[in-house]
Every structure is written in structure tokens, then in C-alpha cells.
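Worth knowing before you read on, the calculation uses all heavy atoms, side chains too, and leaves out hydrogens, waters and symmetry mates. All chains are named by letter (A, B, ...) in the order of the sequence lines, taking the proteins before the strands, and each is independently numbered beginning at 1.
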Amino acid sequence: MERPLTQYIHPDGSPRLLREYVKDGGYRSLQILAAGMAPQDLQRLVAEAGLRGRGGAGFPTASKWSFVPMGSDAPKPKYIVANADEMEPGTFKDRVLLEGEPHGLVESMIIAGYALEAEVGFIFLRGEYHLSAARLTQAIAEAYAEGYLGKPLPGTAFRFDLHLHASAGRYICGEETALLNALEGKRAIPRAKPPYPQTVGLWGQPTIVQNVETLYNLPHIVNHGSAWYQSLSRSKDGGTKIYGISGRVTHPGWWELPLGTTARELLEQHAGGMVNDVSFRGLLPGGASTAFLTEEHLDLPMDFSSIPSQVGRLGTGTMIVLDDHTCPVGFVLNLEKFFARESCGWCTPCREGLPWVARILESFEEGRATHDDLALLDMHADLLGPGYTFCALAPGAMAPLQSALKYFRDDFVRHITLGRCPVNSKQKRHKVLV
Amino acid sequence: MLTDIERRELDDALKHYPDKRAGAIDALLIVQRRRGWISDDSLLDIAQFLGMTGDDVDSIATFYNLIFRKPVGRHVAFLCDSISCWIMGYEQVCAQIKKSYEIDLGQTTRDGRLTCLPIACLGHCERAPALMIDQDVYGDVTPEKVESIVEKYK
Amino acid sequence: MATIIVDNRTYRVDERQNLLAACLGIGLNLPYFCWHPAMGSVGACRQCAVKQFKDEHDRCGRLVMACMTPASDGTCVSIDDPEAKAFRASVIEWLMVNHPHDCPVCDEGGECHLQDMTVMTGHVYRRYRFPKRTYRNQDLGPFIRHEMNRCIQCYRCVRFYRDYAGGRDLNVFGAHDALYFGREQDGTLENEFSGNLVEVCPTGVFTDKTLFHHYTRKWDLQSAQSICPHCSLGCNTTAGERYGILRRITNRFNSRVNGYFLCDRGRFGYEYVNSDNRIKRALLRPELDRTKPGKPEGVPQILGVAADRLRRARGIVGIGSPRASLEANVALRSLVGPHRFVPGIDEREHRLLSTILSVLRTGPVPAASIQDAEESDAVLVLGEDLLNDAPRLALALLQSVRQQPMERADELKIPRWDDAAVRNAVQDRRGPLFVAGYRRTWFHDYATETYFGAPDNIARLGFAVAGTIGSSAPSVPDLTNEMRDLAQRIADALTQAKRPLIIAGTGSGSHATIEAAANVAWALHQRGKQPRLSFVLPECNSLGLALLGGESLKEAFDSISQGKADTVIVLENDLYRRAEQAKVDAFFDAAKTVIAIDSLEHRTTAHADVLLPAATYSESDGTFVNQEGRAQRFYQVFVPDGDITESWRWLRDLARAESHETDGLTGVATWRNLDDAVSDTAAAVPEFARIGEVAPSTGFRLAGQRVPRQPDRYSGRTSMLSHLTVHEPPPPHDPDTPLAFSMEGYRGPVPSPLIPQFWSPGWNSIQALNKYQDEVGGPLREEMPGIRLIEPVATKAPSWFTAIPRPFQSSPHRWLLLPLSAVFGSEELSNRSPAIAERISEPFMSLHPSDGARLNLEDKVTVELALQGTTYRLAVRLDPSMPAGTAGICLVPDVSGVRLPAWVDLSEAVKTGRKQRVA
Ligand SMILES: Cc1cc2nc3c(=O)[nH]c(=O)nc-3n(C[C@H](O)[C@H](O)[C@H](O)COP(=O)(O)O)c2cc1C
Ligand code: SF4
Ligand code: FES
């Protein structure tokens with residue numbers, strides 16, 4: 001099984017410097033570009049490869065690129081931004097790449113810059129990733145010294161500059177337009193779309209924001225072609241995926257596997273199943289803002305097209321497992337507290353609705369909830385859903401709630417009728433008129 | 001007043017931006033790294049350097065959770081309170097910190113050594129619960145390990 | 001135009017709008033918060049959600065925010081859709097989660113947009129049962145009260161204050177549901193337009209602190225249209241009264257003038273009307289002995305004495321006033337005869353005004369309205385300090401700099417109302433705004449380029465620009481290279497613009513800058529451009545008085561000193577502000593009889609033998625002509641106490657009393673009501689011919705009825721006077737206007753000057769305005785925005801001004817003292833309002849640091865300056881923008897007869913003996 005993104009990463013987590021990277025074929029793709037691959041050819045190649053964004057939405061990368069104005073009368077400068085803000089609870093795949101293979105991102109961004117005739121790149125790195133920051137800083141310095149950055153690509157007029165920007169925290173910075181505001185030194189409030197960043201992005205210039213993992217695929221697509229890339233995958237979208245699992249499983253961790261690997265295979269073969277004495281109740285397939293999958297969905301291929309939209313979506317592919325010793329209401333409460341705290345405060349439903357939801361869930365956990373509260377949760381799950389709020393944060397927050405209300409409704413009701421949390425039996429019982 | 005070193009660092013950080021104001025977040029982080037937190041005076045220093053007002057900079061500073069507008073201890077422990085860590089025993093670790101150091105989340109020990117803050121998912125979910133002290137991340141933290149980890153930070 | 005379908009009905013709307021504006025424009029009710037007609041959409045509050053369908057066959061549709069959706073052709077939406085309604089009700093429910101529901105004690109209650117929208121969405125029952133968040137409020141200074149608990153986080157305040165008005169000291173702090181809208185620390189909001197927050201905030205977070213001191217609900221206010229008397233721009237306001245106290249001023253939309261916003265001087269300057277220093281009784285000095293104080297005698301008796309004096313006078317001089325209505329001035333002119341009437345301004349101002357008038361009258365370039373200024377795409381300001389002398393115009397220019405960059409948004413197909421996106425596309429790009437002056441303010445931060453120099457140099461720059469633009473315009477010899485390049489850049493920007501605007505005025509006291517401005521505009525005109533001119537003038541009726549004509553104050557002084565006259569009538573004018581104290585003293589001493597008519601006590605009224613209490617703008621009706629030449633009508637809001645009446649009525653009564661024995665009354669003596677005053681005014685000079693069309697005449701009725709000044713819900717009418725009488729007295733009669741001092745009368749659409757307050761069913765706040773417009777942001781229905789009295793002679797070839805001054809030469813021993821004005825402090829009436837008074841800074845003298853060094857003066861020391869016979873204590877401010885060799889003098893609140901510019905030897909005039917540091 002090929003693992004192009006991670007095959008060279010040291011298991012002990014030690015850094016890979018320029019020499020090592022180049023020895024293993026690093027930066028080779030740039031020679032291919034320089035040998036005469038035009039930006040349009042490169043864009044076509046990526047389209048044929050079927051690369052879809054790994055940031056959570058699975059948007060086809062090439063079609064996102066197609067909106068960037070190209071040619072000599074396109075606005076200058078254009079920007080490429082790597083979204084390395086990874087703050088989605090349960091998600092740690094980008095960190096693995098950034099720490100283990102920092103030059104991969106530099107090379108990838110040069111390729112993306114070349115494809116879009118964008119001359120400046122920014123890596124928007126979450127502030128807590130100090131190790132990644134150190135390694136990226138070194139990689140960028142090495143790449144400058146070696147002339148990959150800051151000098152024209154041999155034989156072309158294309159020259160790329162790359163800068164690292166460390167964020168000061170906030171989940172919303174991962175939303176691509178909020179990220180642009182953060183990068184401009186402003187409050188990270190999302191922007192309305194249209195206009196899309198492809199035309200009016202960073203400082204009003206055409207900009208592409210791409211997830212770290214998405215970008216890492218580019219050198220391999222350039223090096224090996226689209227057919228090879230398609231062949232890596234078990235699904236109709238190309239490539240591999242870094243999957244991860246956390247929660248009470250035997251071997252929590254990450255694995256680069258063909259896109260389309262099933263949840264069951266991940267859970268049972270790679271994560272070694274649940275730990276002793278606990279059993280599986282459900283999982284969030286890709287971070288906190290995805291809907292629960294349960295036993296019945298375990299054989300679905302984990303890719304961007306196999307999960308029916310009424311069931312959920314893949315998200316980041318890093319799964320969080322809910323077991324039978326963990327209260328699903330407490331689980332969702334933890335998520336909603338996170339989302340309420342991370343709301344940017346711009347639009348009403350998200351700013352006011354999420355804290356309300358969290359408080360209601362808290363009252364469930366405390367055994368003070370009523371059936372009216374259940375109805376309020378249902379209402380919020382609907383009215384904070386897609387299409388109602390300014391950005392996708394609140395809809396993301398509602399995905400686990402709505403699905404929990406569907407799959408674990410009995411648990412919610414038992415909190416009401418018992419007047420306490422059935423799992424966390426230490427709690428005292430509340431008498432509530434229901 | 002910004003020190004020369006701070007000034008040089010800021011100049012360096014602002015190079016990549018088309019305008020100075022874009023460097024506001026970098027500036028806050030740089031000054032905070034040196035001074036521990038952003039006091040009102042620091043805020044105005046930064047504002048002046050960037051050609052902004054205190055209101056401008058504070059609006060940004062108060063938005064981001066890694067900018068401290070109140071003093072913190074010599075070391076800051078960030079305890080991940082997100083989902084995977086919660087499943088794997090965050091609450092017990094948190095209780096242990098409270099017990100060992102007599103501080104609640106958001107508080108600083110009386111000797112000014114340690115501030116403990118909650119933080120969103122640290123991206124180490126496969127090794128939950130996770131704890132970050134200053135810039136070092138610890139995984140698979142258990143209540144028993146808490147003291148031996150924290151003891152490294154005087 | 002686009003055809004849109006709303007709830008199965010078809011409408012024609014302007015496709016450049018968003019759906020929210022379009023729906024409001026066609027009269028539909030759709031709630032909103034974050035959108036504002038002048039500030040565009042940001043889609044934050046989510047209150048304006050509607051269901052949009054792909055086409056008529058689409059049954060599912062999807063929710064969209066109306067304010068973020070273009071009203072493009074074929075758009076098909078539903079407001080009544082159950083899902084949309086449910087969502088809108090939820091938005092209110094969310095907003096109410098933390099709202100304190102303190103309407104009974106909230107100053108916004110009864111005119112609260114949040115109340116209106118809550119009712120509109122039908123949210124009634126509170127389901128949130130957790131604690132609410134609370135905040136500490138800030139002291140924001142004398143104008144604005146702060147109550148953060150009421151905040152619904154619509155972000156309008158910061159968008160107005162920062163993005164629209166250029167303020168820097170208000171912001172949003174924090175994140176998620178812990179947001180704070182305020183200042184970084186307690187303190188006075190510094191922006192000159194902060195008062196608009198009162199109207200911009202949809203609930204009671206920012207409220208009018210002056211109103212708070214004499215609080216009255218909107219429904220209890222008797223109101224009428226007013227025109228702001230505090231600068232020359234003529235912003236429209238609505239003034240509200242109860243129990244004989246003027247309670248507040250709010251903005252009054254006029255599509256050509258002030259649009260949605262006022263400056264703080266205009267909004268908070270009104271309280272002088274309630275001042276303890278009001279003259280309330282007619283006073284007569286016993287035996288006309290000026291050593292004795294005046295005594296209130298019966299009005300008929302006083303008039304009798306006055307008339308007797310007038311009849312026996314050797315000659316009467318009438319001194320009019322640029323802050324009194326046209327009608328009052330015409331009345332005086334009629335009483336004393338046109339040759340004995342002077343407009344009451346000093347010689348220098350008189351000459352500046354005549355030049356401006358002749359530029360506007362005889363030149364080919366029209367004057368710009370504030371609206372024109374806002375839409376202009378390249379601006380040159382020559383010598384004016386707009387922020388301090390014409391603040392609303394400065395606010396307009398802050399918008400004008402967005403005009404050119406906005407074209408980039410157009411290219412990117414971003415609709416202009418999509419505010420955040422436009423700002424992203426535009427970034428910090430600004431259209432050309434060149435500001436030449438001699439004092440830096442924050443307004444200069446918005447300029448493309450600034451030039452600081454003495455007025456003569458500013459004029460030279462202007463002449464140079466004109467010479468660069470127009471081949472036949474005189475060019476300036478001996479220019480420095482630097483100046484030539486700057487002139488070239490300005491000329492290029494102006495010629496490339498579609499709607500260039502040139503601004504000058506009387507502020508610097510320089511003739512040459514005015515002439516230079518005219519040359520620039522004319523040169524542009526000659527090049528086939530459509531330029532406009534705007535002249536900033538000293539007072540609210542300066543241009544009206546200039547049109548009325550008459551000699552300068554010196555003429556009046558001379559006729560007394562030369563014995564041609566011995567009797568003076570001073571109309572609403574404090575001559576001590578206009579001439580040196582000694583001269584004015586001598587003038588009054590020489591006059592046998594002084595009759596003064598005014599509203600507030602001041603040094604001139606102290607000399608009056610007969611003092612007649614004048615009604616202020618809110619107690620009288622009349623016409624002001626603003627700096628654009630726009631005549632506008634203000635209306636009496638309430639009937640004042642005491643003997644107070646309109647100045648023109650006093651003059652009428654004097655005229656009648658004087659001619660009492662001779663038969664056959666003429667002129668002002670025949671006036672019965674405002675209509676007569678207006679028609680005689682119309683006849684006074686040709687330009688006034690159409691004055692009568694400014695507003696409906698006295699006899700105007702709708703359905704046979706008058707228009708009531710009091711709202712439907714005016715409360716307590718039967719008991720308001722219960723401490724005096726158990727009967728409800730009949731309301732006072734209004735002989736002058738179609739308005740009534742009562743609740744009874746015609747309720748329905750009326751011509752705009754007659755609208756007492758903006759109010760509509762379901763719309764109790766000022767946002768009801770949209771119910772008075774056919775298109776949101778457009779003119780009011782039946783708008784009568786005033787009448788422009790001067791239109792250019794477009795075909796006329798300009799006769800260039802050729803008197804180009806020599807470059808300013810600083811002198812070793814003398815300094816050119818230049819006038820500095822202050823938005824709070826320089827205007828006579830507003831200064832007497834407590835809130836404004838609190839904002840008046842101490843008088844100061846600005847010097848270039850090199851002059852400070854020459855004079856051995858440090859920053860912030862206090863000095864004494866002997867100037868034209870008076871000694872002033874001034875704080876020294878070293879200011880590098882002051883041209884070397886000049887000194888800026890800001891004498892507030894007393895502009896005492898000091899005439900600037902003037903050359904003075906500061907090393908002699910300044911005493912530093914008692915030099916001391918000030919905090
Ligand atoms: C609230 C929110 C947070 C997000 N956080 C991240 C993130 O941390 N990293 C990321 O790559 N994408 C994140 N996204 C998705 C980005 O908006 C964007 O879709 C992505 O960076 C596009 O990259 P891709 O096309 O390569 O997937 C987030 C989206 C939302 C709504
Ligand atoms: S700009 Fe002038 S006229 Fe307008 S409101 Fe302000 S003071 Fe009054
Ligand atoms: S008015 Fe449309 S979202 Fe606020």
C-alpha cells in the first residue's frame with residue numbers, strides 16, 4: 001500500500017531536514033514544472049487526479065482554482081494560503097504532516113503558486129503548534145537558502161515567496177474567510193460570499209486557501225500523474241487520506257490509507273477495536289462538526305461521496321469514538337461548549353443560540369431538563385443548521401447535536417425522567433416536574 | 001516604550017505585510033512573548049508602533065484567546081478540554097491540578113509560578129488527555145503524572 | 001428596473017438595491033437590524049431572512065438574508081413563508097436572551113427599533129431561563145449615555161463610528177457572546193459625529209445624555225421641522241418640546257442636504273434655548289439711562305416709548321444678523337429702509353462674502369449640495385478647516401473618497417450595498433482628496449495629499465492648479481518645483497474625475513483662496529468638466545444676508561459717529577463678536593437710542609435701552625439660506641413663555657407703533673402673518689423671488705385641516721396645566737403655518753417640511769423614515785428639499801481672477817496671526833448649551849515648533865497675548881502643521897471682536913511672565 005504523504009516520516013517524530021527530503025525525491029516536482037508544464041496543464045492534471053479538499057468540505061480543488069483570474073491582466077499579487085489552523089476537536093492529521101515533513105508543505109505551496117501564477121504564500125499556523133512552527137521556520141529558511149523560494153524557478157519567470165504566520169488562537173480562524181481577516185491583522189470574522197476569495201481575498205487580491213493535507217498531495221500528483229493518483233484510492237476521488245481515531249479504542253492513532261477505507265476497517269483493524277469492557281456506540285467521522293455514524297454505517301467507505309448527505313459527511317477523517325461508558329449528552333455538551341466559546345460573535349443565531357444550547361445540555365446533565373428543553377434543542381438543531389447562519393461554524397456545531405438527538409434520543413429522555421445523568425451516576429438526582 | 005529588541009523583532013515580522021496594521025497580531029504575540037502578557041501600557045506601545053489607537057489594538061487583542069490581557073504566571077499550563085480529552089479523563093486531570101496547586105482554571109498560583117487555562121483541542125487527540133505547558137505538549141496525561149510534569153517548570 | 005415577485009405579487013424595483021431595501025421601498029414590512037440605508041449590508045443579525053425560490057415552480061426554496069441578496073430581475077421571494085417567519089421570530093428570541101427588558105426605564109422606549117421589530121416578528125414569550133450576562137457601562141462624556149446590557153450586537157455603532165465617520169475611539173471587544181461595544185477606557189467619545197449613535201443604535205445602548213436631563217418620550221414631544229442654526233450647512237433637524245422646554249434635536253432626513261446624519265454641534269447645541277440667560281421680558285431702561293438696569297414694563301408701553309424714539313430719531317441704523325431669519329432681516333430692512341440696513345458683519349467678512357456671491361452668481365459653476373459633495377470623486381479643499389467649521393461636509397467627504405475606489409468593486413460586480421465586501425475590495429484605497437490648510441486635524445488622515453501653508457501660499461497652490469488645468473487661466477510664476485509638481489498632481493486628479501469639487505470659504509479670512517478656488521472650478525468647466533464649488537461660510541444665514549445686500553458694519557458705525565443717525569436697532573447680533581471692543585463701546589455711547597432684539601443676554605444687549613425678547617429658531621418660523629444658496633424653512637415648535645415673540649413681529653410692532661399716527665401702513669407694518677413676511681421677502685431682492693415655494697404657505701390645508709405638531713399618542717394634554725386651571729385651555733393659534741399646536745388635524749402624507757416627526761404604524765423609531773420614501777435612501781415622498789436661489793450661468797465665459805498673491809514671507813519680528821475655529825466653541829449659540837460648553841477646550845495659540853523656539857515658548861505653557869486692545873490667556877500648542885511665521889489663534893468660547901488674519905509682533909504681544917504649565 002502506497003503512503004506518499006507519510007512514508008518518510010520518522011516514527012520517532014524527529015524532523016526531516018532538507019538533505020534528507022531531497023534525497024527521497026523532494027522538490028523533484030519543481031523540475032517537472034520547469035521542464036515545461038504550463039500552469040493550465042498543471043491545473044488540468046490536478047482536475048484529472050480528482051483531488052478534493054481535505055479541510056472538511058471535500059470541495060474539488062481544481063474547480064476551486066478555476067475561479068482564480070489568470071493571465072497577464074489578472075490582478076497582482078495573488079496569494080496562496082495554507083490553512084494550518086487545525087483546531088477542529090479530534091483532528092490532528094495536519095500536525096503529523098507539518099511536524100514530520102515540513103518541506104512537503106513548502107514544495108506544495110510552490111506548486112500551487114505556480115499553478116495559479118500566485119507569487120506569495122502564507123502558512124496560517126495555529127498558535128499552539130510550536131513544534132510545527134519551529135520546523136516550518138527551518139524548512140522555509142532552508143528553501144530560501146537553496147533558492148527554491150525567493151528565486152525564479154529555473155527556466156521560468158515564476159518566483160515564489162513564503163511566510164509563516166502564527167495565529168493567536170480561535171477555532172473560527174480556520175474558516176477560510178475569517179482566516180483571511182486574521183491574516184490581515186483583524187478580528188477573525190468570516191466574510192460574506194460572494195465575492196469568493198478566489199477573486200477578492202487577502203487584502204482584496206485573488207487568493208486560494210487550501211488545507212495542509214490537500215496541498216501535500218500536489219508534489220505526488222505532479223511526480224506520478226493523475227492515473228497513479230486515482231489508483232491510490234478505493235473511491236472515485238483520488239489519493240490517500242490520513243485517517244485518525246481517538247477515544248476508547250485499543251490503538252488510537254493515525255494511518256495514511258486509500259481514500260474510501262471503511263470505518264469498520266479503521267476501527268477494527270487499525271485501531272484494534274474498542275478497549276476491554278466498553279462497546280461501540282457511534283463515532284464522529286471527521287472532527288467535532290460532523291454528524292454521528294453508528295453501527296449501521298460502519299461499512300460505508302469513508303470518502304467524500306459515499307456518505308449519504310442526510311447521514312453526514314466525512315469532514316477531516318479523524319474520528320472520535322463514542323463508547324457505552326460515555327454519556328452521549330455529556331459528549332455533545334462538551335462539543336457545544338466548545339462551539340459556543342469559539343463562535344466569533346458576528347451573527348445572532350450562532351452567538352446567542354450556541355450558548356443557550358450548551359446551557360440546556362448542561363441542565364440535562366444536571367438532571368434539571370424538561371421535555372420543553374428537548375424541544376428547544378430540536379429547534380436549535382434546525383435553525384442553526386446550514387443556510388441560516390453567516391458561516392458554517394454553527395451548522396457544524398449542530399451536526400453532532402442533531403444526529404445525537406436522532407440516534408441517542410432515549411438517553412436524552414432518560415436524563416429528564418431520571419432527573420440525573422444515567423452514566424455519571426455519582427450525580428445527585430433532581431426532582432423536576434416534567 | 002518598546003525595547004530596541006522588541007522593535008527589531010516587530011520590524012522583522014512586519015516585513016511581509018503590505019501594511020503595518022496587518023502585523024497587529026504578530027506584534028501582540030511578540031511583545032507577549034517578552035513581557036508575559038499585554039498590559040494597557042504594552043497595548044499602547046504596540047498601537048503607537050503600528051500607527052493605530054489603543055481601541056484598535058484592544059479590539060483585536062481581546063478577540064484571540066492566546067493573547068493575555070491579564071497577568072499570568074511564569075508558566076502557563078493549557079489543559080485541553082475538548083472532546084477526546086474529555087472522554088479520556090480530562091476532568092480527573094483537571095481535578096488533580098486544582099488539588100495539587102490550589103488553583104482553578106483561569107487562576108494563577110499564589111507564588112506566581114503557574115497559570116492554568118483551558119484550551120481547545122491541542123491536536124494530540126490520539127494521546128488524550130493532552131496538556132501543554134508553555135510550548136511543550138504532554139500526551140496520555142493521568143492524574144498521577146501531573147505533578148511530575150509540572151515540577152519541570154519552576 | 002427589475003421585476004421581483006414577493007409573496008406572489010409582482011413589483012418593479014431598482015435592481016441596484018438589495019432585497020431588503022427593495023421590500024421596504026415598496027412598503028412591505030421586513031425586520032432588520034444590522035443593515036442601515038446609508039451604511040449598507042453586512043448580513044450579521046440574520047433578522048431579514050426571507051425564503052427565496054428559484055422560480056415560480058420552485059416550492060422548496062431556501063432561506064436568504066434579504067439584505068445580502070440583490071433585487072435582480074426575476075427574483076422570487078416570500079416574506080410570509082412559515083419557515084422564514086419562524087426563523088425571524090427565533091432571531092428576536094435569541095436577541096432577547098440577554099436583553100434586560102427594561103423598556104419602562106429605558107430612554108429608547110417608545111421609539112425603539114428593537115421593540116418595533118419584536119412586535120413585528122410576533123415573539124412574545126420568553127423561553128430562555130438562564131442568567132443573563134451583564135456589563136459595566138462607561139462614561140462616554142456629555143453627549144452620550146451608555147447602557148451595554150441592552151446591546152443586541154448588531155455592530156451598527158462601530159460600523160458607523162469607525163467606517164463611516166472616521167472615529168477611532170469606539171470599538172468592539174471580546175468574542176463569542178462576550179462582546180463589548182465601547183471605548184478601551186472610560187472617556188469622552190471624541191468623534192464629531194458621535195451623536196448619530198443615538199439614532200444608529202437600534203435600541204437603548206447609546207442614548208442622548210442631554211435628553212436624559214429633561215427626559216420626555218417621543219410620543220409626548222411636540223415637534224416640527226427645524227434647520228440647524230449652528231453652521232452654514234443648513235442640516236435639517238426635528239426639534240421636540242414639552243412643557244416649554246426644548247427637549248432634543250434629532251436628524252431629519254433631507255436627500256439633498258444632511259441625509260441620515262448630523263454633527264454633534266448641531267445635535268447637542270440646542271440647549272441654549274432653555275438657558276437661564278434667555279431674555280424673556282421686554283425691558284426698558286428708566287429714562288433711557290444706561291447706568292440703570294432695564295425694567296420690564298408692559299409691552300405696549302415699551303413699544304410706545306420705542307416708537308416715540310424712532311419717530312424723533314435723527315436717523316435710524318438697522319443692524320441685521322446672519323443668524324436671524326431672512327424674514328426678520330427683511331422686516332428690519334423694511335423698517336429702516338434698505339439704505340440704512342446693514343447685514344451686521346464686519347468689513348472683511350463682507351468683502352469675502354461679496355466675492356463668493358459674485359463667483360456663484362456670475363460664474364458658470366454651480367454650488368454643491370452636501371449630497372453632491374458626498375458623490376464627488378475628486379476634491380480640493382483650499383484653506384478650510386472643515387471638521388471645525390462645516391463638520392457635516394467633512395463627513396460627506398469621508399464618503400466621497402470612496403467613490404473612485406468603488407469602481408473597482410463595480411468591476412468585480414460587487415453591489416455597492418455589500419458593505420464588507422466593498423471594503424475588502426477597496427481596502428485602503430482612497431479617491432483623490434487634496435487638503436490645503438494651516439492646521440492638521442484627523443480629517444487630514446483621509447487626504448490623498450495635504451499641504452500646509454499660509455493662506456497666500458494656499459491660494460497660490462490653487463491658482464497654480466487652475467493654471468495647470470486651463471490654458472487661459474492665469475498661471476503662477478516663480479513656483480517652487482515641489483509646488484508645481486503638487487499642482488500638477490492635483491490638476492491631473494481633478495481633470496480625470498467625473499464630478500470634481502472645489503471647496504473654499506471664509507474660514508481663513510483669505511480672499512485669494514476664494515478666487516483661486518473659483519479659477520480652478522472655472523478652468524475645469526472650460527475643459528468640459530462638470531465641477532462644483534462649495535464655500536464654507538460663517539453662519540447659518542450668511543449667504544441669505546449677502547444676497548439681501550447692504551454695507552458692512554463700519555458703515556453703521558460711521559453713520560452714528562458722523563452724526564447721520566442717532567438711533568440703532570440691533571437684530572439678533574452681538575456686535576462685540578464682530579468688532580473691537582473699543583469701537584463698539586464708542587458706537588453705543590454715541591447712539592442716543594439702542595433697541596436690541598435677541599434671545600440671549602450678551603454684551604450688546606447690555607447696552608440696549610429697549611430690549612425685546614426674540615424667539616429662537618425653535619420658537620419661530622422663518623427661512624435660512626445655507627452656504628449652497630438653498631433656502632429652507634424652519635418651523636416654530638412651541639409657544640415660548642413671557643413676552644418672547646418672533647423678531648419680525650417685534651419689528652412689525654415697532655413699525656406699526658411708529659407709524660401709528662400717520663395713516664396708511666406700508667412694508668413690514670402691514671404684515672399679519674408669515675405669508676406676508678415671506679411675500680415681502682420674495683420681493684426684497686430678485687434672488688428671493690421663489691422663497692414662497694420653499695414650503696407650503698400659511699393657508700395650506702389638507703382635507704380642510706391643519707397638520708398637528710403633537711403625535712396621536714400625546715399624553716396628559718388635559719392635565720398638563722392642571723396646576724393652573726381645571727379647564728383644558730384651547731391650543732394656541734398658529735397664524736403663520738399650516739401646523740397646529742395640537743393633536744387634532746390631518747394625519748397622512750404631507751409635504752416634507754410639514755412632517756412633525758417620522759412615525760408610522762409599527763415603526764415608532766426614526767427608522768420609520770423608510771415609510772416616507774419611495775426608494776430607501778431616496779428623496780422623501782413630496783420632498784421639498786429647499787430651493788436653490790442661485791444657479792450658474794452655464795454659458796458664461798469666466799473672467800479669471802488674476803490677483804495672485806506673492807509667496808508668504810515670514811518676517812523676523814512679526815507673525816501672521818490666523819484664525820482657528822473649534823467645532824465646540826466657535827459658534828455663538830451652541831456655546832451656551834451646557835453639554836457643548838463641557839466640550840469647549842481652553843483658548844490656545846498654535847505655533848510651529850521653530851517659532852516656539854524663536855519666542856522661547858514651550859508646548860503647553862500658558863501665555864498672555866495682547867491683541868487688538870484685549871489681553872487673552874492662551875495655552876501654547878506647538879504644532880508642526882502650523883506654517884512657520886504664522887500663529888493660529890483659537891479664541892473660544894469668546895470670539896470677541898478680534899479680526900484675523902493680522903500681523904502682530906508676538907515677541908512684544910506675548911507675556912510669558914506668568915508662564916505656567918497646564919495639565
Ligand atoms: C468553523 C470552521 C473551521 C474550519 N477550520 C478549518 C481548519 O482548521 N483547517 C482547514 O483546513 N479547514 C478548516 N475549515 C474549512 C475551510 O473553511 C476551508 O474550507 C478549507 O481550508 C479549504 O481547504 P480545502 O479545499 O483544501 O479543504 C473550517 C471551516 C469552518 C466553517
Ligand atoms: S454640520 Fe452644521 S448645520 Fe449641520 S448639523 Fe452640524 S452644525 Fe448644524
Ligand atoms: S439586516 Fe439583514 S442580516 Fe442584518
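A pairwise comparison of heavy atoms in Tyr64(B) and Ala188(A) identifies OH-N, 3.3 Å as the closest pair. The minimum heavy-atom distance linking Ile189(A) with Phe63(B) is given by the pair CD1-CE1, 4.1 Å.
No part of Ala128(B) comes within reach of chain A, as not one of its non-hydrogen atoms sits under 4.5 angstrom from that chain. Contacts between Ile119(B) and chain A at a heavy-atom distance below 4.5 Å involve backbone atoms as well as side-chain atoms. Looking at Leu29(B), only its side chain comes within 4.5 Å of chain A, counting heavy atoms on both sides. Neither the backbone nor the side chain of Val120(A) comes within contact range of chain B; no heavy atoms are under 4.5 Å apart. The contact between Asp323(A) and chain B is made entirely by side chain atoms (from C-beta outward), counting heavy-atom distances below 4.5 Å. In this structure, the portion of Glu342(A) lying under 4.5 Å from any heavy atom of chain B is its side chain and not its backbone. Using a 4.5 Å cut-off between heavy atoms, Arg187(A) touches chain B through backbone and side chain atoms alike. At a 4.5 Å heavy-atom cutoff, the contact between Asp134(B) and chain A is made by backbone atoms alone.
Between chain A and the options Ile60(B), Thr62(B), Leu66(B), heavy-atom pairs under 4.5 Å are most frequent for Leu66(B). Per-residue heavy-atom pair counts under 4.5 Å with chain B were compared for Gly345(A), Ala182(A), Gly169(A), Ala168(A), and the maximum is reached by Ala168(A). The candidate with the highest count of non-hydrogen atom pairs below 4.5 Å against chain A, out of Ala22(B), Cys85(B), Ala120(B), Ala24(B), is Ala22(B). Put simply, of His251(A), His325(A), His165(A), Glu128(A), the one with the most heavy-atom pairs under 4.5 Å next to chain B is Glu128(A). When Tyr171(A), Trp254(A), Phe122(A) are compared by the number of non-hydrogen pairs under 4.5 Å with chain B, Phe122(A) comes out ahead.
One finds the NE2 atom of His163(A) at 5.5 Å from the NE2 atom of His16(B) (value rounded to the nearest 0.5 Å). Summarising the geometry, atom CG belonging to Asp136(B) is positioned 9.5 Å from atom CG belonging to Leu131(A); distances are rounded to the nearest 0.5 Å. Note: Arg127(B) CZ to Ser246(A) OG = 13.0 Å, rounded to the nearest 0.5 Å. Note that the CG atom of Asn181(A) and the CD1 atom of Ile25(B) stand 9.5 Å from one another [nearest 0.5 Å]. A distance of 11.5 Å separates CD in Glu86(A) from CG in Leu122(B), rounded to the nearest 0.5 Å. Atoms CE and SG, on Met319(A) and Cys125(B) in that order, are 13.5 Å from each other to the nearest 0.5 Å.
With respect to Lys186(A) and Asp56(B), no salt bridge is recorded, no charged nitrogen being found less than 4.0 Å from a carboxylate O. Between Lys93(A) and Glu126(B) there is no salt bridge, since no side-chain N of the basic residue sits under 4.0 Å from a carboxylate O of the acidic one.
Of the possible donor and acceptor atoms, one in the side chain of Arg248(A) sits under 3.5 Å from a partner among the backbone N and O of Ile87(B). The main-chain N or O of Gly185(A) is never found under 3.5 Å from a side-chain atom of Arg21(B) such that the two would form a donor-acceptor pair.
For residues 326-337 of chain A, the interface with chain B (any heavy-atom pair closer than 4.5 Å) comprises Thr326(A), Cys327(A), Gly330(A), Phe331(A), Asn334(A), Leu335(A), sorted by residue number.
Between Tyr129(A) and His124(B), the two ring planes are perpendicular [angle over 60°; tilted spans 30° to 60°].
Counting non-hydrogen atoms of other residues, nucleotides and ligands closer than 6.0 Å to CG of Asp104(B) gives a total above 12. Around atom CD of Glu151(B), more than 12 heavy atoms belonging to other residues, nucleotides or ligands sit under 6.0 Å away.
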